[in-house]
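Here the structure comes first, spelled out in structure tokens, and everything after it is commentary.
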Amino acid sequence: MVRGRVQLKRIDNKINRQVTFSKRRSGLLKKAHEISVLCDAELGLIVFSTKGKLFEYATDSRMERVLERYERYSYSERQLVPTDPTSPGSWTLEHAKLKTRLEVLQRNQKHYMGEDLDSLSMKELQNVENQLDSALKHIRSRKNQLMHESISVLQKKDKALQEQNNQLSKKAKEKEVAQQNQWDQQNHEINSSSFGLPHQLDSPHLGEAYQSTEVDNGEVEGANSQQPANTGMPQWMLRHLNG
């Protein structure tokens with residue numbers, strides 16, 4: 001049975017349209033892979049479904065590289081053909097490029113976040129995994145560098161605080177020694193003045209005792225002067241002689 005020629009127009013039936021899209025998409029991706037391998041060509045294929053789902057194929061899974069090469073080539077072509085930068089066509093082309101690049105970046109961001117991975121092949125998933133591993137190595141390296149720098153700063157601060165503490169301790173000891181010397185000198189002066197004057201002279205009872213001793217001595221001497229010396233004579237003879 002000979003297959004009839006399919007008329008190129010939009011398929012009205014939604015289910016048939018979806019089935020046809022799935023078959024044609026797989027065939028298109030297969031043909032892109034074959035031409036890339038057989039002819040050693042660098043190519044990129046981007047397909048969006050009616051629901052906005054992205055399907056793509058790029059040589060070595062490097063769509064960014066293909067797009068950058070395309071942009072460089074397009075820029076070189078525009079430089080050879082002078083165009084008016086204010087023309088609507090130029091702005092439309094630039095807008096389309098920026099929009100495409102933005103979509104690629106957003107898609108890659110979703111892939112790096114582990115989202116929207118159903119459309120990726122095994123090779124593409126391995127590529128994303130390698131990129132994430134490389135990014136993690138850079139992140140860990142930067143983190144370790146910051147940690148070492150922080151530790152070095154903390155060690156310097158600790159050393160400075162220890163030196164400041166030692167200086168304060170030294171000043172406190174010097175001040176304590178100076179105060180101790182001052183107290184010892186004051187005590188020495190007080191002791192010296194105390195040894196120069198007897199403590200008995202400072203007593204108020206010492207003068208009274210001395211005066212009492214003088215009076216007693218005077219009375220005793222007066223009494224001794226009034227009493228006659230013992231000559232061995234009777235008292236009546238002594239009174240007679242004194243009379």
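All heavy atoms count here, side chains included; hydrogens, waters and symmetry mates do not.
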According to a 4.5 Å side-chain heavy-atom criterion applied to Ile, Leu, Val, Met, Phe, Trp and Tyr, with indirect links allowed, do [X] and [Y] form part of one hydrophobic cluster?
X: Phe55; Y: Leu45; answer: yes
X: Leu132; Y: Leu117; answer: yes
X: Val128; Y: Leu54; answer: no

Interatomic spacing from [atom1] in [X] to [atom2] in [Y] - rounded to 0.5 Å:
X: Ser141; Y: Lys143; atom1: OG; atom2: NZ; answer: 11.0 Å
X: Lys53; Y: Asp118; atom1: NZ; atom2: CG; answer: 5.5 Å
X: Thr20; Y: Ile11; atom1: OG1; atom2: CD1; answer: 3.5 Å
X: Arg140; Y: Met147; atom1: CZ; atom2: CE; answer: 13.0 Å
X: Ile151; Y: Leu146; atom1: CD1; atom2: CG; answer: 11.0 Å
X: Phe21; Y: Arg17; atom1: CZ; atom2: CZ; answer: 11.0 Å

Kindly check if the number of other-residue, nucleotide or ligand heavy atoms within 6.0 Å of [atom1] ([X]) is above 12?
X: Leu161; atom1: CG; answer: yes
X: Gln164; atom1: CD; answer: no
X: Asn165; atom1: CG; answer: yes
X: Glu42; atom1: CD; answer: yes
X: Ile35; atom1: CD1; answer: no
X: Glu176; atom1: CD; answer: no

Between [Y] and [X], is there a side-chain heavy-atom distance shorter than 4.5 Å?
X: Glu129; Y: Leu125; value: no
X: Asn108; Y: His111; value: yes
X: Asn127; Y: Lys123; value: no
X: Lys173; Y: Lys170; value: no

Keeping [X] on the side-chain end and [Y] on the backbone end, is there a donor-acceptor pair under 3.5 Å?
X: Ser152; Y: His148; value: no
X: Ser134; Y: Asn130; value: no
X: Ser26; Y: Ser22; value: yes

Query - Gln109/Glu115 under side chain to side chain contact (heavy atoms under 4.5 Å, CB included): CA gap, chis, key distance, verdict - result: CA-CA 9 Å; Gln109 183 180 7; Glu115 302 175 357; over 6 Å; no
**Report entry** Side-chain donor-acceptor contact under 3.5 Å, Gln162 with Asp158
**Finding:** yes
Between [X] and [Y], what is the shortest heavy-atom contact and its length?
X: Met63; Y: Gly44; result: CE-CA, 4.1 Å
X: Phe48; Y: Glu103; result: CZ-OE1, 3.6 Å
X: Thr59; Y: Ala41; result: OG1-O, 3.4 Å

Requested in this report: Only counting residues at least two apart or in another chain, list the ones meeting side-chain hydrogen bond (donor to acceptor under 3.5 Å, both in side chains) with Gln185.
Outcome: none
Report task. Please assess Tyr57 against Leu43 for the test side chain to side chain contact (heavy atoms under 4.5 Å, CB included), listing each intermediate value before the final yes or no. Result -> CA-CA 8 Å; Tyr57 174 82; Leu43 60 88; 3.7 Å; yes
Query raised in the report: Could you go step by step and tell me if Arg107 and Val104 meet the side chain to side chain contact (heavy atoms under 4.5 Å, CB included) rule?
Result: CA-CA 5 Å; Arg107 186 184 67 256; Val104 171; 3.7 Å; yes
Query raised in the report: With Arg25, which residues qualify under salt bridge (Lys or Arg N to Asp or Glu O under 4.0 Å), at least two apart?
Result: none
